[in-house]
Student: 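I'd like to ask you about the structure that follows.
One-based numbering along the sequence shown.
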Amino acid sequence: SILLSLLLCTLITVPVLSREEVIYLVEVSRHGARTPTAFHFDQPWTQGIDKEDVTPVGLRQHYTLGREIRKKYPGVFPGRRLMGDEYYIRSSGTSRTFKSAVAHMQGIWEHYEKLELPFPNGDDRISSIEETTRDPNPPEYKTPLQNGLLVSPIHTESLDEDDLIALSLSDMCQPFKIQATSLISNFAAKVNANSHFVNKVKQVANIYGVDPATRSSMFDLCVDLGDFAIQDVRHNPSPKLSQSDPLFRLVQTCFNARTFLPYTDNNLLRIGVANLVDDITSKLSSRVTYGTNDKMRYNLYMSHDHVLLPLLLLAGAIDRDCHLDRLSKVDPDLQCQGEYPDTASSLFFELVSESSENYVRLLYNFEPIDFCGLGNSDTTFRCPIDNFTTKWRQAVDLNWRKWCGSPNYVKNIEIDTRNVWKSRAVSLIVASSVLFGLIVFVAITLAVKASRRRVLLAKKNASLTDYSLVG
């Protein structure tokens, strides 16, 4: 009986292992480390790469992130490469995001056995049609592409027309751009009048050998210096400004402010990622509604800090008021909840199934966020899907198109009335000619038919005359 009692106590005290399964994963990621926008300072790590393009370091970031995702989600990636209806990749229309997506997916797929061609190297069947001479040194590898590269379809849109994952950078919402520019300009005017700020920025400019007069304002100079300093720390073993240097934190704050400031306005925050939130929540709901008939397992949106930041603000992962205080006081050492999204940072939406119930868990860089405010840390803050999607959809303005109005390129279309009238005149002439031809055709047809009837009638009369004579 003592043994039985101990067994019962053990069964009661040992927690029941969760049987939840992640059946669908949505990831919103920032591109990998890149070259700066303005200053390059002839650094080796910037050589041979276009400005604002992803670097080898940035590609490695996403490659390793892809490998980590594959390891963490065996239920989503079941030991084989997914078919076309099981995953979807969307990138904004920039080189750095597109290449980051390629590296990201390569990290995921390289966990799988590389396919080999059934033909020997040098076989004509694996040579291009245009190839006229046989390669005297055919490649040694047997995979379709070197290193077993698996190419994934990546969907994209031109940056100026992308209202899904680049609305703030596109031309699809001019009121957003106008209001954002005003917020940044007002803030710049305030800090430019701060002598302490101006002196500190001049110190940084002196370190890099930059003439402050190259920029219209000290804030703009601070932003560009921050852009370089942040990436230099990422790529350079011996950066001129280390991360622990207060001057580094100052220019870093300037750079972050340029993206952060528009989202200090509640309306812009609700507009900026409304279309993306609508798309993600709709996909999550659809996956539940259609069950196994919806084969989708994985969605990747490769975008920018302009997208990840407002999502984190809406999710409560970043204390907006504290960061705004940090910006307005130009106090980079003020400690705030949540930090600006670094390169290769990702926000994950896990669709979880357990005992016929469906939940969604939100994670940032694999750390769970209590988005629904349930305090259920025992299940790492998973939230019933209906609660989750409703809360997200209430956090944004789903009527954003009405607020944004017509895209700028539509408003700028000019109609040349002279050409319109010329076109109408040509159309009228063509229509008149066709009508005249039709009338002539009908008239000729009727005339021919009438002539035939007269001939037949004459023959008939003639035959009748002949018959009467015979009789």
Student: Is the side chain of T281 donor-acceptor paired with the backbone N or O of T389 at a distance under 3.5 Å, no angle test?
Tutor: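 Pair absent, no side-chain N/O of T281 close to backbone of T389.
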Student: Using ring centroids (six-membered ring only for Trp), state whether F371 and F381 fall under 6.0 Å.
Tutor: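 Aromatic pair excluded; centres sit 6.0 Å or further apart.
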Student: Is it true that R287 and N293 share a donor-acceptor pair across their side chains at a distance under 3.5 Å?
Tutor: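 Side-chain D/A pair, N293 to R287: absent.
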Student: Checking T35 side chain against D50 main chain: does a donor-acceptor pair fall under 3.5 Å?
Tutor: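 Yes, the answer is positive, given that a donor and an acceptor are paired below the 3.5 Å cut-off.
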Student: Answer yes if the side chains of S95 and D53 hold a donor-acceptor pair under 3.5 Å, and no otherwise.
Tutor: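 A donor-acceptor contact under 3.5 Å links the two side chains.
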Student: Just do the side-chain contact (heavy atoms from CB on, under 4.5 Å) check on D220 and R258 with the steps written out, would you?
Tutor: CA-CA 9 Å; D220 290 341; R258 196 172 190 88; 3.6 Å; yes
Student: Compare every heavy atom of R96 with every heavy atom of E52, then report the nearest pair and how far apart it is.
Tutor: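 Heavy atoms of E52 and R96 come nearest at O-CD, 3.0 Å.
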Student: What verdict does the side-chain hydrogen bond (donor to acceptor under 3.5 Å, both in side chains) test give for T97 and H304, after you've listed the backbone C-alpha separation in whole Å, the side-chain angles of each residue and the deciding distance to 0.1 Å?
Tutor: CA-CA 8 Å; T97 50; H304 307 263; 4.6 Å; no
Student: Going by an N to O cut-off under 4.0 Å, is there a salt bridge joining D171 and K177?
Tutor: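 K177 and D171: salt-bridged.
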Student: Between L82 and R297, what is the shortest heavy-atom contact and its length?
Tutor: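 Between these two residues, the closest heavy atoms are CD2-CD, 3.6 Å.
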Student: Give me the ring orientation class for F41 and Y208: parallel if the planes are under 30° apart, tilted from 30 to 60°, perpendicular past 60°.
Tutor: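 Plane angle under 30°, so parallel.
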Student: Going by distance alone, is a donor N or O of one side chain under 3.5 Å from an acceptor N or O of the other, for Y298 and E27?
Tutor: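 Yes - a donor-acceptor pair under 3.5 Å links their side chains.
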Student: Return yes if a side-chain donor-acceptor contact under 3.5 Å exists between W109 and S152, otherwise no.
Tutor: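 Result is yes, a qualifying pair exists.
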Student: Scan D227, T343, T46 and name whichever one has a side chain to side chain donor-acceptor pair (under 3.5 Å) with R34.
Tutor: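 Running side chain to side chain donor-acceptor pair (under 3.5 Å) over D227, T343, T46 with R34 returns exactly one hit, D227.
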Student: Check the angle between the aromatic planes of F219 and F187 and answer parallel, tilted or perpendicular using the 30° and 60° thresholds.
Tutor: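 Ring orientation of F219 relative to F187: perpendicular.
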Student: Measuring only between side-chain heavy atoms, which start at C-beta, is L247 closer than 4.5 Å to K200?
Tutor: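 Result yes, sub-4.5 Å side-chain heavy-atom pair found.
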Student: Do you see a donor-acceptor pair shorter than 3.5 Å between the side chains of S91 and H155?
Tutor: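 The answer is no; no qualifying pair exists.
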Student: Closer than 4.0 angstrom, basic N to acidic O: yes or no for R382 and E354?
Tutor: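 Salt bridge flag = yes for E354 with R382.
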Student: Does the distance from a Lys or Arg side-chain N to an Asp or Glu carboxylate O, for R234 and D342, drop under 4.0 Å?
Tutor: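 Salt bridge: yes.
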Student: Please determine whether a side-chain nitrogen of the Lys or Arg among K240 and D232 lies less than 4.0 Å from a carboxylate oxygen of the Asp or Glu.
Tutor: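 Not counted as a salt bridge, because no side-chain N and carboxylate O are separated by less than 4.0 Å.
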Student: Whether E86 and R81 form a salt bridge (side-chain N of Lys/Arg under 4.0 Å from carboxylate O of Asp/Glu) is what I want to check.
Tutor: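 So R81 does not pair with E86 through a salt bridge.
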Student: Has D370 got a side-chain atom pairing as donor or acceptor with G375's backbone, closer than 3.5 angstrom?
Tutor: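 Looks like yes, one N/O pair under 3.5 Å.
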Student: Between D331 and R326, does any side-chain N to carboxylate O distance fall below 4.0 Å?
Tutor: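 Looking at D331 and R326, the cut-off is not met.
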Student: Donor-acceptor check, side chain of T259 to backbone of H306, threshold 3.5 angstrom: yes or no?
Tutor: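 Looks like no, no N/O pair under 3.5 Å.
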Student: Quick one: do Y141 and E116 satisfy side-chain hydrogen bond (donor to acceptor under 3.5 Å, both in side chains)? Show the steps, please.
Tutor: CA-CA 9 Å; Y141 55 88; E116 291 193 357; over 6 Å; no
Student: Can a cation-pi geometry be assigned to R70 and F77, taking NZ or CZ under 6.0 Å from the six-membered ring centre and within 45° of the ring axis?
Tutor: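 Verdict for F77: no cation-pi partner in R70.
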Student: Could you check whether F260 and Y340 have their ring centres less than 6.0 Å apart?
Tutor: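 No - the distance between ring centres of Y340 and F260 does not fall below the 6.0 Å cut-off.
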Student: Whether the E140 and N121 side chains hold a donor-acceptor pair (N or O, under 3.5 Å, no angle test) is what I'd like checked.
Tutor: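 No, because no side-chain N or O of E140 sits under 3.5 Å from a partner of the opposite role on N121.
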Student: Would you call the rings of F349 and F388 parallel, tilted or perpendicular, where under 30° means parallel and over 60° means perpendicular?
Tutor: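 The rings of F349 and F388 stand perpendicular, inter-plane angle above 60°.
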Student: Which heavy atom of L308 sits nearest to which heavy atom of P341, and what is that distance?
Tutor: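 Looks like CD2-CB, 3.8 Å.
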Student: Can you tell me if T379 and N376 form a side-chain donor-acceptor pair at under 3.5 Å?
Tutor: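 Looking only at side-chain atoms, N376 and T379 do form a donor-acceptor pair, the distance falling under 3.5 Å.
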Student: Is it true that T289 and S286 share a donor-acceptor pair across their side chains at a distance under 3.5 Å?
Tutor: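 No, no side-chain donor-acceptor pair sits under 3.5 Å.
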Student: Taking NZ, NE, NH1 and NH2 as the nitrogens, is one of them in D279 or K283 under 4.0 Å from a carboxylate oxygen of the other?
Tutor: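 Yes, D279 and K283 are salt-bridged.
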Student: Is it true that a side-chain atom of H104 and a backbone atom of S100 form a donor plus acceptor pair closer than 3.5 Å?
Tutor: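 Checked: no pair found.
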